[in-house]
Every structure is written in C-alpha cells, then in structure tokens.
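To start, the structure itself, in structure tokens.
Every chain is numbered from 1 and lettered A, B, ... according to where its sequence line falls, protein lines coming before strand lines.
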Number of protein chains: 2
Amino acid sequence: MIFSTKAEYGVRVMVELARRGSAQPVALTEIAEHEGLPLAYLEHLVARLRRARLVESRRGAHGGYLLARGPAQITMAEVVEALEGRIAPIECYSASPDGSIHCVLEADPKRVCTSKILWTRVRDAIVHTLEETTLADLTPTTPKKAVAA
Amino acid sequence: MIFSTKAEYGVRVMVELARRGSAQPVALTEIAEHEGLPLAYLEHLVARLRRARLVESRRGAHGGYLLARGPAQITMAEVVEALEGRIAPIECYSASPDGSIHCVLEADPKRVCTSKILWTRVRDAIVHTLEETTLADLTPTTPKKAVAA
DNA sequence: TTAAAACCTACCTGAGAGCTAGGGTATCAG
DNA sequence: CTGATACCCTAGCTCTCAGGTAGGTTTTAA
C-alpha cells in the first residue's frame, strides 16, 4: 500500500465534516460510529488535522470539529501531507524540506542518480493530483443549497 | 515513503543492466559493488524480475543477467509491479485483480465510498507515469551507437 | 575439477503501523 | 456547581513486515 490508514481514515473524516456542513461542530464519536472506525485512533488523526489548521475544534459538551475553511479551499495535498507527512516516493528523496531531490549517491558529484528521473516524475504526478483535488470534489450531492438558496 | 527499497534498488539494477548493454551477461556482484548494495538482498529482487520475465539469467561462470527486451520495450510500470506487487494507494483498493476499486464499505450497496474518487485519481496518475516511462528514458548517454551506427 | 556464478530456503531483527489506556481540561445544561 | 460530554495529551502495546543474513545446491566456463 502506498498510503497508510492515516490518510485513508483522515480523508474520510474530512469528507464527513464537509458533508455535515459548518453550521455546528460534529463530535468525533458520531463520525467514528458512522464510519465504523476506532474513536481513540481517530483522535490522533484529527489532532494532526487540527495542528495543520485544516479543522477547528470546540471543546466541551456539544463540542466537536469543523472545517477551518470551505471544502473548495482545502486541497487533498494539504490533507494527505498533514496526515502522512511529506510525500516522497522513496527514501533518498525525502531529505530536503522543499521537496527537491537529494539522492545520497550524488554526494559524489561525479555520479548522477539516473533513476531520480523516474521518482521525480512519480512524485510530481501524485502531488499534482492531490493539489488538483479539493475536498469539495469528494463531497457528494449536497447540491450547495446553502450557497445557492 | 511510498515505495520501498525493493523498487528503489530494483530500478537501479535494471538501469545498470541497460547501461551495460546486452552483449554479455552482467554478474550481480558487479552491480552490487558498483551501487553499494548488499548482494544477497539484490538476489531476491532480481529473482522477482526474472519471474516477471524482465531479465534473463545465465548460470555458471561468466554468468549473470541480461535484459529480456530492449530498454525502450520495458516500462517502469512492469518493473515496479514486479518488485512491489500491484500498485494500490490504500488497502481497500487492492482486492480486485484488474485494479478496479473495491471498497469494503460498498458491500452495503447503499453506501458510496466518496474518497474512492481521490484514490482512483492518485492510482491512475502513478500508473500512467510508470507506464509512460521506459527503461530507455532512465539510461544515460549511451547515445544508441549500436542502433544508429 | 575447480571457481564463479545463479538459485533456493530459511531465518533474524528493528522499526513502525495501528491501535488501546488512562488520564486531564474545557464547556454547557440543569 | 456538578455532572456529562467531548476534546486533548502522553504512554505504551503488539504484530507485521521491510530489509537483510546465512548457508546451502546447481549450473557452467575454463
């Protein structure tokens, strides 16, 4: 598997939040039950989403979580990165914070890591896809009544 | 990391084989030394490549491995799949052999796994990239003398 | 016949995914 | 003001598997 359940579950949480709208906070217990996922584990995931400022929380009774922005303003690249960490196809790739390639082999400047070409392309394809897809794209037929009406 | 060292190392082996040309077999010891990778481990990887009919082997003294086809006829999708197994972004994805989506949630036909849209796009992007890139694309400046001349 | 190489099976080990546990702390209804 | 609800934090647990080792057998060139 390319992504862990962190991304899988976390995306499902985000979709649920988008589905419920932003009127009032949604308790994680509801989502856990609805999706059939362990609450205690989701708490960890949603904590990451909160730290990345993708969701906001309301504590106490009738508390829960809300999207920090409109679904169309949240890209899946942000969501997946918040959950999984920086997206890198292979190990030697991940070093530099800007996402540029940093193959250990190339410490010796005479050598060029040729397979780098491949992993660059793969990474770009993934990131591009995640950036192009917003949470709104995944939120089913709530035909934006609230907005339209 | 998205792909394991199996893909990373295996691709490097394939690139090396392509670089050396198909005149005579290349011993794995040479590649291991050149790339600084553990021989015993590469043996496992190259076994997968052989079973996938991407390389051929010559046993005995002066034996080694050869590409089964020309570098331009080998896509990286074949290579990566041989090494890593079927490419699936998340768990629920991998079930069906044709690569189509098969989310456990959708056992209940009333439910639609909306995040499926995302993972489908991601998978398609990766596979497409891997299919478009051939081993020849990664093989450096052997300007095809053999073919051109 | 010896050395070089592929080939095969089995095993080991550390790290990390995927949780669980048990508290603490804010908020609101009554 | 007191309980219930829910977020929040830290710690730890278990099992799998990536990554690699080990040691043998078989094939072939010289």
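- As rounded to whole Å, 13 Å separates atom P of D/dG19 from atom CZ of B/F3.
- Candidate nucleotides C/dT9, D/dC9, C/dT20 were compared by shortest atom distance to the side chain of A/R50, and D/dC9 ranks first.
- Between B/L42 atom CG and C/dC7 atom P there is a gap of 14 Å when expressed in whole angstrom units.
- OP1 or OP2 of C/dG18 lies within a sub-4.0 Å distance of a side-chain N or O belonging to A/T5.
- Not a single donor-acceptor pair, N or O on each side, falls under 3.5 Å between the base of D/dT28 and the side chain of B/R59.
- Looking only at side-chain heavy atoms (C-beta outward), B/V122 and A/F3 come within less than 4.5 Å of each other.
- At least one side-chain heavy atom of A/L135 sits under 4.5 Å from a side-chain heavy atom of A/V15.
- There is no side-chain donor-acceptor pair under 3.5 Å between A/E8 and B/S115.
- Within 4.0 Å (heavy atoms only), B/A27 reaches sugar-phosphate atoms of the nucleic acid but no base atom.
- Both A/A40 and A/A61 lie close to DNA chain C; mapped to their nearest nucleotides by heavy-atom distance, the more 5′-ward contact belongs to A/A40.
- Here the side chain of A/H44 is nearest to one of C/dA6, D/dG20, D/dT10, namely D/dT10.
- Checked by distance alone, B/H62 brings no side-chain donor or acceptor within 3.5 Å of a matching partner on the base of D/dT27.
- Rounded to an integer number of Å, the gap from CG of A/L39 to P of D/dT5 is 14 Å.
- Note: CG (B/L83) to C1' (D/dC17) measures 17 Å, nearest angstrom.
- Rounded to whole angstrom, the span from the CD atom of B/E56 across to the C1' atom of C/dA5 amounts to 17 Å.
- Ring pair A/Y41/A/Y9 is perpendicular by interplanar angle, where above 60° counts as perpendicular and below 30° as parallel.
- Remark: B/E81 engages B/R86 in a salt bridge, criterion side-chain N to carboxylate O under 4.0 Å.
- Summarising the geometry, the separation between CD on A/E84 and P on C/dG16 is reported as 14 Å, rounded to the nearest angstrom.
- OP1 or OP2 of C/dG18 lies within a sub-4.0 Å distance of a side-chain N or O belonging to A/S4.
- Nucleotide D/dG20 holds its C1' atom 15 Å from the CD atom of B/E8, rounded to whole Å.
- Residue B/Y9 has no polar side-chain atom (N or O) positioned under 4.0 Å from OP1 or OP2 of D/dG19.
- Between A/I2 atom CD1 and C/dA17 atom P the separation is 15 Å, expressed in whole Å.
- Toward the 5′ end of DNA chain D lies the nearest nucleotide of A/G63, the other residue of the pair A/A47 and A/G63 mapping further downstream.
- Of the candidate nucleotides D/dT28, C/dG18, D/dG19, D/dG19 has the atom lying nearest to any side-chain atom of B/Y41.
- Between D/dA6, D/dC9, C/dC19, one nucleotide has an atom nearer to the side chain of A/E43 than all others, and that is D/dC9.
- Looking at B/E16 and B/R12, no side-chain N of the basic residue comes within less than 4.0 Å of a carboxylate O on the acidic one, giving no salt bridge.
- Between B/S57 and C/dC7, a side-chain N or O to OP1/OP2 separation shorter than 4.0 Å is present.
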